[in-house]
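Heavy atoms only: backbone and side chains are in, while hydrogens, waters and symmetry mates are out.
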Amino acid sequence: MANISFLLNQFPSGGVERVTINIIPHLTARGHRVFIFAHELNRQHLTHFNLSVEYILIPYEHWRNENGDFIEKAVKEHCIDLCFAPVVSPDYIFRLKEKKMCKVCYVSHGAPFYEVKELAYEIHQRWQLPKRSLRRLMWLVFDTLRLKVGLCNKDVAARYKKRYDELDAYGVLFEEYAEIIARKIGVGDAGAKFFALPNSLPQNSDVELVSQRKKQIIFVGRLTYLDKRVDRLLQVWKKIYNKFPEWELCIIGSGPEEKNLKQYVAENGLSRVEFINFTPTPEQYYKESEILCLTSDFEGFGMVLLEAQQYGCATIAFDCSYGVRDILSPNWKNGVFVPNGNINAYAKALSKLMTDEELRRRIQKNGLDNVKRFSIENSVECYEALIQKLCPKK
């Protein structure tokens, strides 16, 4: 059996950590010893999860070079055989493979090349700054031109290629994502180092479809602008809330956009909007709410959609990735998706869901069945196959 570590930023926090939490009990049940290396441990939330793991707090910010020395020491001390590195930039973990200290698998939980959108957003924000020196303005113009002619795409592809070449394995959410990346970085055979490590949920056999729910719409997730775009949900709510006085909107989560979102609600006089702090156990809200809204501009998977469906909550999202579309397909059967960024289409579709109870109940019921496609057993087998390939003697 292998000693396995997961290298994370915060634990627990968002969807990536929820996936990790789901998979850990099954890995430990197979005899593997699991460690969590994290830059920040939310210890007040750890009590909610009875995980048989050892926690290692990384004392430095994620960009500090000292991380490499600390992680090397921890890997050696705990005899780590395989390190999974989701989310965290792997720049300082290449040394683990180079020095043959352990096997390293980078795990991408995002859609391929989402970093280009991040760069575009960063450049857009820099243009909004009121004061810029001539030097900074020249760099901004230069970066804008690089984005326009596609050089930023090449830079991102080069980073993907480096991960592929210099690490032992490259985990993706779907085989389709592996094909996209393989094609763009020019490696040809997508099966060489790529492994599909699908997200999943533990199956709750005791969940029943609740007929009486609050006329409540919820958002669950980080309050960030770049990806989650909760501001778009408030724009939708502004268009429809006067037509549905019996409905309310609950935004569950924390993040840097919280102040701006609350300011938008106040400035536009939006009523029946409640903000609820992050909770590691959002199940109660899934159980009592009618509809979950996801308004992300990009999502690698959309874990929150599965979590909501598992508790009989109807789901609607922008068609922002293969993962979201796969979970919600067929459209208007397992869930609802509309063209990405089309606020009017989203408002129209959400209004239809709110108005048509029979349709809503049918989608809720189909969602319960749809979750079965993403069984934890399938995900565990994928992780186990990877472990056995990289650590065959374990």
Side-chain angles (χ1 to χ4, degrees), residues 1-25 27-28 32-110 115 118 122 159 162-163 166-171 197 221-224 226-227 253-258 277-281 383 387 390-391:
M1 298 298 108
N3 288 348
I4 300 166
S5 66
F6 288 87
L7 184 59
L8 301 159
N9 281 329
Q10 280 187 331
F11 189 84
S13 55
V16 173
E17 291 72 30
R18 296 282 291 187
V19 171
T20 306
I21 289 167
N22 291 339
I23 203 76
I24 282 175
L27 295 178
T28 55
H32 301 300
R33 190 179 177 192
V34 179
F35 298 79
I36 298 293
F37 291 7
H39 293 276
E40 182 178 342
L41 288 172
N42 296 324
R43 296 188 184 277
Q44 68 274 24
H45 297 314
L46 292 179
T47 55
H48 294 285
F49 310 106
N50 186 24
L51 299 177
S52 299
V53 302
E54 296 183 45
Y55 298 102
I56 310 278
L57 180 63
I58 303 171
Y60 310 109
E61 293 86 352
H62 64 86
W63 47 267
R64 294 269 296 273
N65 290 331
E66 292 92 334
N67 287 318
D69 296 332
F70 178 87
I71 290 171
E72 279 188 30
K73 182 179 179 181
V75 164
K76 184 176 181 180
E77 178 181 349
H78 298 287
C79 302
I80 301 298
D81 299 300
L82 171 59
C83 176
F84 287 103
V87 177
V88 179
S89 172
D91 292 346
Y92 54 78
I93 64 171
F94 291 119
R95 290 157 51 179
L96 297 177
K97 179 178 184 296
E98 182 182 351
K99 295 183 178 182
K100 299 181 179 180
M101 300 187 70
C102 70
K103 300 292 185 180
V104 182
C105 175
Y106 174 72
V107 185
S108 172
H109 285 268
E115 295 92 340
E118 288 185 335
E122 178 187 339
R159 292 205 297 272
K162 179 179 175 66
R163 294 170 186 172
E166 299 188 24
L167 297 179
D168 296 287
Y170 199 125
L197 300 174
R222 297 186 310 277
L223 304 186
T224 51
L226 174 62
D227 50 356
S254 304
E257 274 297 290
E258 184 173 350
N277 286 335
F278 166 80
T279 171
T281 54
Y383 273 85
I387 293 168
L390 295 185
C391 310

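For the atom pair CG of Leu82 and CG of Asp168, the computed distance is 8.0 Å after rounding to the nearest 0.5 Å. Distance check: Asn67 CG to Tyr60 OH gives 8.0 Å after rounding to the nearest 0.5 Å. Note that the CG atom of Asn42 and the CZ atom of Phe11 stand 9.5 Å from one another [nearest 0.5 Å]. Atom OG of Ser52 sits about 14.0 Å away from atom NE2 of His32, to the nearest 0.5 Å. Atoms SG and NZ, on Cys83 and Lys103 in that order, are 13.5 Å from each other to the nearest 0.5 Å. Separation of atoms CG (Leu96) and SG (Cys102) is listed at 4.5 Å; rounding is to 0.5 Å.
When all heavy atoms of Leu223 and Gly253 are compared, the pair lying nearest together is CD1-O, 3.5 Å. Nearest approach of Asn3 to His78, heavy atoms of both residues: ND2-O, 3.2 Å. Annotation for Thr28 and Pro25: closest pair OG1-O, 2.9 Å, computed over non-hydrogen atoms.
With contacts defined as side-chain heavy-atom distances shorter than 4.5 Å, the pair His39/Leu8 does not qualify. The shortest distance between side-chain heavy atoms of Ile36 and Ile24 falls below 4.5 Å. Residues Ile58 and Phe70 form a side-chain contact, since some pair of their non-hydrogen atoms from C-beta on lies under 4.5 Å apart. The shortest distance between side-chain heavy atoms of Arg33 and Glu54 falls below 4.5 Å. Side-chain contact between His109 and Val19: present, with at least one pair of heavy atoms (C-beta onward) separated by less than 4.5 Å. The shortest side-chain heavy-atom distance between Leu167 and Cys105 does not fall under the 4.5 Å cut-off. No side-chain heavy atom of Val16 sits under 4.5 Å from any side-chain heavy atom of Gln10. A heavy-atom distance below 4.5 Å is found between the side chains of Leu27 and Ile387.
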- Is there a salt bridge (charged side-chain N to carboxylate O under 4.0 Å, His left out) between Arg95 and Asp69 once you walk through the steps? CA-CA 10 Å; Arg95 290 157 51 179; Asp69 296 332; 2.8 Å; yes

- Task: Give the intermediate values and the outcome of side chain to side chain contact (heavy atoms under 4.5 Å, CB included) for residues Glu98 and Glu166.
- Result: CA-CA 8 Å; Glu98 182 182 351; Glu166 299 188 24; over 6 Å; no

- Query: Checking side chain to side chain contact (heavy atoms under 4.5 Å, CB included) for the pair Lys76/Met101: CA distance, chi angles, key distance, verdict?
  - Reply: CA-CA 7 Å; Lys76 184 176 181 180; Met101 300 187 70; 4.0 Å; yes

- Message: Under the criterion side chain to side chain contact (heavy atoms under 4.5 Å, CB included), I'd like the reasoning laid out for Phe37 against Val75: C-alpha separation, chi angles, the key distance, then a yes or no.
- Response: CA-CA 10 Å; Phe37 291 7; Val75 164; 4.1 Å; yes

- Message: Run Phe35 and Val53 through side chain to side chain contact (heavy atoms under 4.5 Å, CB included) and show every step you take.
- Response: CA-CA 5 Å; Phe35 298 79; Val53 302; over 6 Å; no

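Every side chain to side chain donor-acceptor pair (under 3.5 Å) that Lys99 has, sequence neighbours left out, goes to Glu72.
In this structure a side-chain-to-backbone donor-acceptor pair under 3.5 Å is missing from Thr224 to Leu226.
Using a 4.0 Å cut-off between charged side-chain N and carboxylate O, Arg222 and Glu257 make no salt bridge.
Between Tyr383 and Phe6, the angle of the ring planes lies from 30° to 60°, which puts this pair in the tilted group. By the 30° and 60° cut-offs, the orientation of the rings of Tyr170 relative to Tyr106 is perpendicular.
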